[in-house]
Chemist: 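Have a look at this one before I ask anything.
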Amino acid sequence: MIEQYIPIFLVIATAAVFGAAVVFSSKLFGPQRPNDIKISPYESGKKPVGNTSERISVKYYLVAMLFIIFDIEVIYVYPWAVEFKSLYAQYGIFAFTPMLIFLIVLELGFVYVYMKGGLKWD
Amino acid sequence: MSILEIIIITFVKILFIITAMLLTVSYSVYFERRISAWIQTRLGPNRVGWEGILQPFADVFKLLLKEDIVPEKSNKPLHTLAPFIALFVAFSTYAVIPMGPEVTIFGYKVNLVVADVNIGILYVLALTSLGVYGITFAGWSSGSKYSLLGGVRASAQMISYEVSMGFSIAGVVMMASSLSPVAIVNSQYGWMWNAIVQPIGFITFVISAFAETNRLPFDLPEAEPELVGGYHTEYSSMKFASFFLAEYANMIIASAMIVTLYLGGWQVPYIDKLGLGETLTTLIQVGAFFAKIGALIFFFIWVRWSIPRFRYDQLMNIGWKVMFPLSLLNVVWVAVVLMIFN
């Protein structure tokens, strides 16, 4: 069983080495001549105005929260999806109805968010 | 097989894949430029080598010799970590995508996939979620307003479309009764391609894949007219190249995932009935896999140069109000189809 995962670890290690090599390669080969203008933030050639620690619209946080809720539901569907054929052979239609109810409840939650204006962008 | 043999075989496969991957990535950049030029009746790069065929190498060497500028206002560790994450994710997702059937080379039974794990789909989903960090860190750590906006937009967009992507894949998992990409390809024997059995899931997955890879019409994170370069505005030299490589690598992985999940992977319908002999059949199947990926890459490029960019509210509306209900519908659809035909 663990043999299956040896290749995965090898791939991850190789990808990490490769990624680090690419990211640091220009430190080796490129010149290093920074000056004040060069390292200031890019603003179309003008003097930078303000800073980046301003507040971000709350809508983005709302999206993040909705994502967590709905993405967790995806994980609940997966084990059922893997076993669906054998469950159907065993229980017939009753392999499907519980998941249908689950999906309807999920959809109701989604409609609630929709009605509350949680997905509104203007 | 002993552990040592597994390690050696895996290293051969990884070497092959990294080489193939780097070549396809650099040449998809070249083909993107040539095809866009063709679509817009321009010439495109045609100076370096025959018809510009060596252009990717010239680009890489140029970037390699450029100065690596780190902006003073940046968070330096994260600024370096971000391109690393992007590349790392792009190059490790490949491991679970099957390129061909099981073959016998020098007496070893070799699967033409680096790692045949039973949770392959979860591995891909986990790594693509990790990819969001690369872009968000890049945007946040640069200390530039354009980068920050690009990074925030990118993270909201990618997590929105990940939900419908997850539900679309659930339909495929139901057809195959397995999370292993190898089993999923095997379940699409003949014309039982998932694109035909579950067209809704296919469409939602393809659209989500476009959004996940930040390709036009979903390239809001790096919309040039408004955000300069988006999250990679403050990157130069090989760190910029990392994002560039990762973006194209993600496009290729998205194509490979679409092929594996919906277009039958390496399967050519009924080729085993022709009696062509094992070696020839395998070669045709592996060729078919790469041909399908090539066609999809062409499709990605074609769409990019044909369709204008969405507005941000339109993008979020499509993601949540259209793709999400449709992908739920797909799960129900697959269940009903399976119950009727089983």
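Here is the naming used below: chain letters follow the sequence lines, and residue numbers restart at 1 for every chain. Small disclaimer: the values here were computed from a predicted structure and weren't measured.
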Chemist: Go through the atoms of A/Phe67 and report whether side chain, backbone, both or neither lie under 4.5 Å from a heavy atom of chain B.
Modeler: both
Chemist: Heavy-atom pairs under 4.5 Å with chain A are the metric here; pick the option from B/Leu125, B/Leu148, B/Val332 that has the most.
Modeler: B/Val332
Chemist: Using non-hydrogen atoms and a 4.5 Å limit, figure out which bit of B/Leu149 sits close to chain A: side chain, backbone, both or neither.
Modeler: neither
Chemist: In terms of heavy-atom proximity below 4.5 Å to chain A, should B/Leu127 be classed as side chain, backbone, both, or neither?
Modeler: neither
Chemist: Any donor-acceptor pair under 3.5 Å linking the side chain of A/Lys85 with the backbone of B/Met175?
Modeler: yes
Chemist: Check whether B/Ile18 gets within reach of chain A through its side chain, its backbone, both or neither, counting any heavy atom under 4.5 Å.
Modeler: side chain
Chemist: Measuring heavy-atom distances to chain A, does B/Leu22 have an atom under 4.5 Å in its side chain, in its backbone, in both, or in neither?
Modeler: side chain
Chemist: Taking every non-hydrogen pair under 4.5 Å, which of A/Glu73, A/Met99, A/Arg33 racks up the most with chain B?
Modeler: A/Arg33
Chemist: For B/Tyr146, is it the side chain, the backbone, both or neither that has a heavy atom under 4.5 Å from a heavy atom of chain A?
Modeler: side chain
Chemist: Would B/Thr128 and B/Glu162 satisfy side chain to side chain donor-acceptor pair (under 3.5 Å), going step by step from the backbone distance to the final call?
Modeler: CA-CA 9 Å; B/Thr128 42; B/Glu162 213 170 288; 5.2 Å; no
Chemist: Less than 4.5 Å to any heavy atom of chain A: does that hold for the side chain of B/Tyr94, its backbone, both, or neither?
Modeler: neither
Chemist: Against chain B, work out which of A/Asp71, A/Ile6, A/Leu10 has the most heavy-atom pairs shorter than 4.5 Å and name it.
Modeler: A/Leu10
Chemist: Is it the backbone or the side chain of B/Ile14 that comes under 4.5 Å from a heavy atom of chain A, or both, or neither?
Modeler: side chain
Chemist: Counting only heavy atoms closer than 4.5 Å, note whether B/Ile121 contacts chain A via side chain, backbone, both or neither.
Modeler: side chain
Chemist: Is A/Gln32 close to chain B through its backbone or its side chain, or both, or neither, when contacts mean heavy atoms under 4.5 Å?
Modeler: both
Chemist: Please flag which part of B/Val331 lies under 4.5 Å from any non-hydrogen atom of chain A: side chain, backbone, both or neither.
Modeler: side chain
Chemist: Non-hydrogen atoms of chain A under 4.5 Å away: do they reach the side chain of B/Thr80, the backbone, both or neither?
Modeler: both
Chemist: Of the listed residues (A/Ala81, A/Ala95, A/Gly19, A/Gly92), which shares the most heavy-atom pairs with chain B below a 4.5 Å separation?
Modeler: A/Ala81
Chemist: Check whether any side-chain N or O of B/Trp320 sits under 3.5 Å from a backbone N or O of A/Phe110 as a donor-acceptor pair, and report yes or no.
Modeler: no
Chemist: Of the backbone (N, CA, C, O) and the side chain (C-beta and beyond), which part of B/Lys13 lies under 4.5 Å from a heavy atom of chain A, both, or neither?
Modeler: neither
Chemist: Hey, does the side chain of B/Ser142 reach the backbone of B/Gly139 with a donor-acceptor pair shorter than 3.5 angstrom?
Modeler: no
Chemist: Side chain, backbone, both or neither: which part of B/Leu65 has a non-hydrogen atom closer than 4.5 Å to chain A?
Modeler: both
Chemist: Between B/Ser177, B/Pro71, B/Ala156, B/Ser92, which has the largest tally of heavy atom pairs under 4.5 Å with chain A?
Modeler: B/Ser177
Chemist: What's the shortest heavy-atom distance between B/Ile253 and B/Ala90, and which atoms?
Modeler: CD1-O, 2.9 Å
Chemist: Rounded to the nearest 0.5 Å, what's the gap from NE2 on B/His79 to OG on B/Ser74? Could you check?
Modeler: 5.0 Å
Chemist: Could you check whether any side-chain N or O of B/Tyr231 sits under 3.5 Å from a backbone N or O of B/Arg153, counting only pairs where one atom can act as donor and the other as acceptor?
Modeler: no
Chemist: Measure B/Lys66 against the heavy atoms of chain A and call it side chain, backbone, both or neither at under 4.5 Å.
Modeler: backbone
Chemist: Please check if atom CG in A/Asn35 has more than 12 non-hydrogen atoms from other residues, nucleotides or ligands closer than 6.0 Å.
Modeler: yes
Chemist: Could you tell me if B/Thr204 and B/Ser168 have a donor-acceptor pair between their side chains, going purely by distance under 3.5 Å?
Modeler: yes
Chemist: Can you establish whether the number of heavy atoms outside A/Tyr60 located under 6.0 Å from its atom OH is more than 12?
Modeler: yes
Chemist: Against chain B, work out which of A/Leu28, A/Leu100, A/Ile68, A/Leu106 has the most heavy-atom pairs shorter than 4.5 Å and name it.
Modeler: A/Leu106
Chemist: Looking only at atom types and distance, does a side-chain atom of B/Ser236 sit under 3.5 Å from a main-chain N or O of B/Ile69, one as donor and one as acceptor?
Modeler: yes
Chemist: Please flag which part of B/Val89 lies under 4.5 Å from any non-hydrogen atom of chain A: side chain, backbone, both or neither.
Modeler: neither
Chemist: Can a donor-acceptor pair be found, under 3.5 Å and without considering hydrogens, that links the side chain of B/Glu234 to the backbone of A/Tyr42?
Modeler: yes
Chemist: Are the side chain of A/Tyr88 and the backbone N or O of B/Met339 linked by a donor-acceptor pair below 3.5 Å?
Modeler: yes
Chemist: Only pairs of heavy atoms separated by less than 4.5 Å count here; which of B/Asp68, B/Val334, B/Ile17 has the most with chain A?
Modeler: B/Asp68
Chemist: Given that the side chain runs from C-beta out, which part of A/Phe24 has a heavy atom under 4.5 Å from chain B: side chain, backbone, both or neither?
Modeler: side chain
Chemist: So what's closer than 4.5 Å to chain B heavy atoms on A/Tyr114: side chain, backbone, both or neither?
Modeler: side chain
Chemist: Nearest 0.5 Å please: distance from the CH2 atom of A/Trp80 over to the CG atom of A/Leu87.
Modeler: 9.0 Å
Chemist: Can you tell me which of B/Leu87, B/Val117, B/Val172, B/Leu179 forms the most heavy-atom pairs within a distance under 4.5 Å of chain A?
Modeler: B/Val117
Chemist: Pick one of side chain, backbone, both or neither for A/Val77, based on which atoms fall under 4.5 Å of a heavy atom in chain B.
Modeler: side chain
Chemist: Is the count of non-hydrogen atoms from other residues, nucleotides or ligands lying under 6.0 Å from A/Phe102 atom CZ greater than 12?
Modeler: yes
Chemist: Strictly under 6.0 Å, is that where the ring centroids of A/Phe9 and A/Tyr5 end up?
Modeler: no
